[in-house]
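Structure first, commentary second.
For the numbers below, each heavy atom of this structure counts, side chains included, while hydrogens, waters and symmetry mates do not. Chain identifiers are assigned alphabetically (A, B, ...) following the order of the sequence lines, protein sequences preceding nucleic acid strands; residue numbering begins at 1 within each chain.
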Protein chains: 2
Amino acid sequence: MPADPANGRREITVSDVAAAAKVSKATAARALGDYGAVSEAVRDRVRAAAEQLGYHPNALAKTMNTGRSNSIGIVVGDIENPFFGQATRGAADVAKAAGFDLILLNSDEEAGAEENAISVLLAKRVDGFLVAPASTTVPASLHPAVESGRPLVLFDRVADGLDVDTVVADNLAGARRLTELLVEAGHRRIAFISTIGHEGDYRLGDRLGSSSVNDRVTGFTAVLGEAGVPNPEAFVRLNARRDGVDAIVRSLVDEGVTAILASDSLVAQAAFRTLRDLGVAIPRDVSLVAFDDADWTSLSDPAITVMSQPIHEIGAEAARLLVRRIAGDGAPTEHLVFPQVLIERESIAPPPG
Amino acid sequence: MPADPANGRREITVSDVAAAAKVSKATAARALGDYGAVSEAVRDRVRAAAEQLGYHPNALAKTMNTGRSNSIGIVVGDIENPFFGQATRGAADVAKAAGFDLILLNSDEEAGAEENAISVLLAKRVDGFLVAPASTTVPASLHPAVESGRPLVLFDRVADGLDVDTVVADNLAGARRLTELLVEAGHRRIAFISTIGHEGDYRLGDRLGSSSVNDRVTGFTAVLGEAGVPNPEAFVRLNARRDGVDAIVRSLVDEGVTAILASDSLVAQAAFRTLRDLGVAIPRDVSLVAFDDADWTSLSDPAITVMSQPIHEIGAEAARLLVRRIAGDGAPTEHLVFPQVLIERESIAPPPG
DNA sequence: AAACGCGTTGAGACCGGTCTCAATCTAGGT
DNA sequence: ACCTAGATTGAGACCGGTCTCAACGCGTTT
């Protein structure tokens, strides 16, 4: 006896209800599924029987012949990361309102896991995909998704060579503004730190795995260059996950860097701790700015100046777009870019000396 | 043509592969599904055909006759809340390792939404449920889940009158310890703040909607009572969501309260901000302690003394238990209680004056 | 050489719904 | 009273897998 959750009981099916209501299976299904034409009397009788038997429709069987599962798959780097928590919530609310549920998978920013996630979602026949792609430059793991013909919307980062909708923040402008602030305060030796992985030293023009970080680095080096700082690329420190933010910050301090731009709030947090442990005062000795208005940034001493992103809205808008595509909107691919907003606090000061 | 994602292409099925490999559908299914007996030659031939055609198994069809969906439903209050983010991640990792995926639903701590979520999960035929119940005292929304016969594991809170596994932290002991610390520092006028809803003033013995908060309040009032503080229940402030933490803290300060115990890190955060805005110094004027080692609590000035819970582990253990139940473990119901650990920082001082 | 056993294979039922199509019923038109 | 359009209803195919069961091929036993 399949479809049996290990315990004795069998699930009640349309046939059971039909028998109880003394109508055909087809009629019962119509009454229950609210489609086709059924007389009011019969419909009530069937509904009553269903209620009485404790009938719960099997959405899977429905999916089998409608081809729609009413679920969308969402692949995030790590749901524990507040950024993804917020984006997921935004997406979940929109999805729910449109009658969809979320199947959540973590990629740990790793292509293999991402491909795996896509494959699982494909097998579960989700109606669409919401993905924060692990790699902008090598989006091979996403191919099965686009080939499936089911809509895919990327959020937080774009992917090269994929004609799909994207929803991101304006990281280039945000990075420029943040760097300008530092430069205007008089800084010349400013470092950019990100956990993104990269082979060898960063050189101008290198494409990074995350389009967001890529844009941030681009904005950062551009402003530095315009300010006449030679070799701005030398101040870009990647691979912070592998090398450790702590170690990077320590060497930065040794090298006499006077300001740090953290690519995300987690990096900023680690940097903040290290500077504090080192007895380096923010902003007197070193200025610190970051992306994302994480809660701690307004509570710490000093409070951190940040570039805030409408994270919740990015997730929600991505879901809105996806839902529209699922509904059959064949409009040209969209690339939404949300503005970031600067929140000035107390972590910037002129360089010491 | 059903099962078609709106675009032209039809999905490749076992039958297609069978035809291409010139074997029966049954044999192809065996080769692909890795069950039954198939000669090596045929298996390779079928696999090659599948590969060539781009066959992707339909997990739903499989679920239909095995009765197992390999997905588990998780219902949290709000995935945006770091607590649930962490617990969900813990659960996701365990689930993934066991071959399950997560269907995520937010309940917003509201019974109606919770019931709805359960119903969706029931329809999707999840193999089991992971729920942080919105209400301890009125767990009616969970009944359909237990009646379905599919295993249900509660985490973070228990539910009255439900014989199901639960995984929670030792909130009673944690609250006692935190309160003792305050009492030992000399405080007598200590307030407890929680967002939990409650009709009218709190009276000793009242059951609160969340078992966690209930235990915390119980521990809190008990220690206060043992310290000889009259009417400890008068210091319990609930409904902070409705009334606003800010307003509550202001009136508390007016009333001359010298210490605050925040039931969670979100409340603590709001209280911290209000005290700062009021110019009330922590801990000189008012001491502040809270549950959960949220990241900001170690970064703020002063850093907050907290009672830390193994959140990640709570989620993971709940998932482990659930997976075991799904596998058919019929052992008696388990009620796991994780110890909380105190992290002493700088937010406690003797009361002023 | 007949009988037996085991590994393979194919045919077709089944899971629980949806949907097509034909049969039946009803009411309105003349 | 007779015909017909429209509303209801039932029978059965179908979605894409799994699984039972019978049939088949072939080496080994006696």
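Note on B:Arg89 versus A:Asp108: salt bridge recorded, some NZ/NE/NH1/NH2 to OD/OE distance being below 4.0 Å. Taking a cutoff of 4.0 Å between a charged side-chain nitrogen and a carboxylate oxygen, A:Glu334 and A:Arg320 do not qualify as a salt bridge. Salt bridge A:Asp34/A:Arg47: present, at least one basic N to carboxylate O contact under 4.0 Å.
Between A:Tyr35 and C:dT18, a side-chain N or O to OP1/OP2 separation shorter than 4.0 Å is present. Taking 4.0 angstrom as the limit, A:Thr13 places none of its side-chain polar atoms (N or O) nearer than this to OP1 or OP2 of C:dG16.
Here C:dG17 is the nucleotide among C:dG17, D:dA11, D:dG16 with the atom lying nearest to any side-chain atom of A:Asn58. Listed nucleotides D:dC19, C:dC19, C:dG17 differ in distance to B:Ala26; the shortest reach to its side chain belongs to D:dC19. Side-chain proximity of A:Thr27 to the nucleotides D:dT9, C:dG16, D:dC19 is greatest for D:dT9.
Checked by distance alone, B:Asn65 brings a side-chain donor or acceptor within 3.5 Å of a matching partner on the base of D:dG17. Between the side chain of A:Lys25 and the base of C:dG17 there is at least one donor-acceptor pair of N/O atoms closer than 3.5 Å. In terms of polar N and O atoms assigned as donor or acceptor, the side chain of A:Arg125 never comes within less than 3.5 Å of the base of D:dG16 in a complementary pairing.
As a whole-Å value, the separation of B:Met64 CE from D:dG16 P is 13 Å. The separation between A:Lys124 atom NZ and D:dG17 atom C1' is 15 Å, rounded to whole Å. When the C1' atom of C:dC15 is taken as reference, atom NZ of A:Lys62 falls 17 Å away, rounded to whole Å. In this entry the distance linking CG of A:Asp16 with C1' of C:dG16 reads 10 Å, nearest Å.
Between A:Arg157 and A:Ser211, the shortest heavy-atom contact is CA-OG, 3.2 Å. Pairing each heavy atom of A:Ile118 with each of A:Pro144, the nearest pair is CG2-CB, 4.2 Å. When all heavy atoms of B:Ala318 and B:Phe155 are compared, the pair lying nearest together is CB-CB, 4.0 Å.
When each of B:Arg30 and B:Leu60 is assigned the nucleotide of DNA chain D bearing its nearest heavy atom, the one mapping closer to the 5' terminus is B:Leu60.
Of all the residues in residues 38-48 of chain B, B:Val38, B:Ser39, B:Val42 reach under 4.0 Å from DNA chain C with at least one non-hydrogen atom.
Screening A:Ile326, A:Val164, A:Leu130, A:Leu336 against A:Val153 for a side-chain contact (heavy atoms from CB on, under 4.5 Å) leaves a single residue, A:Leu130.
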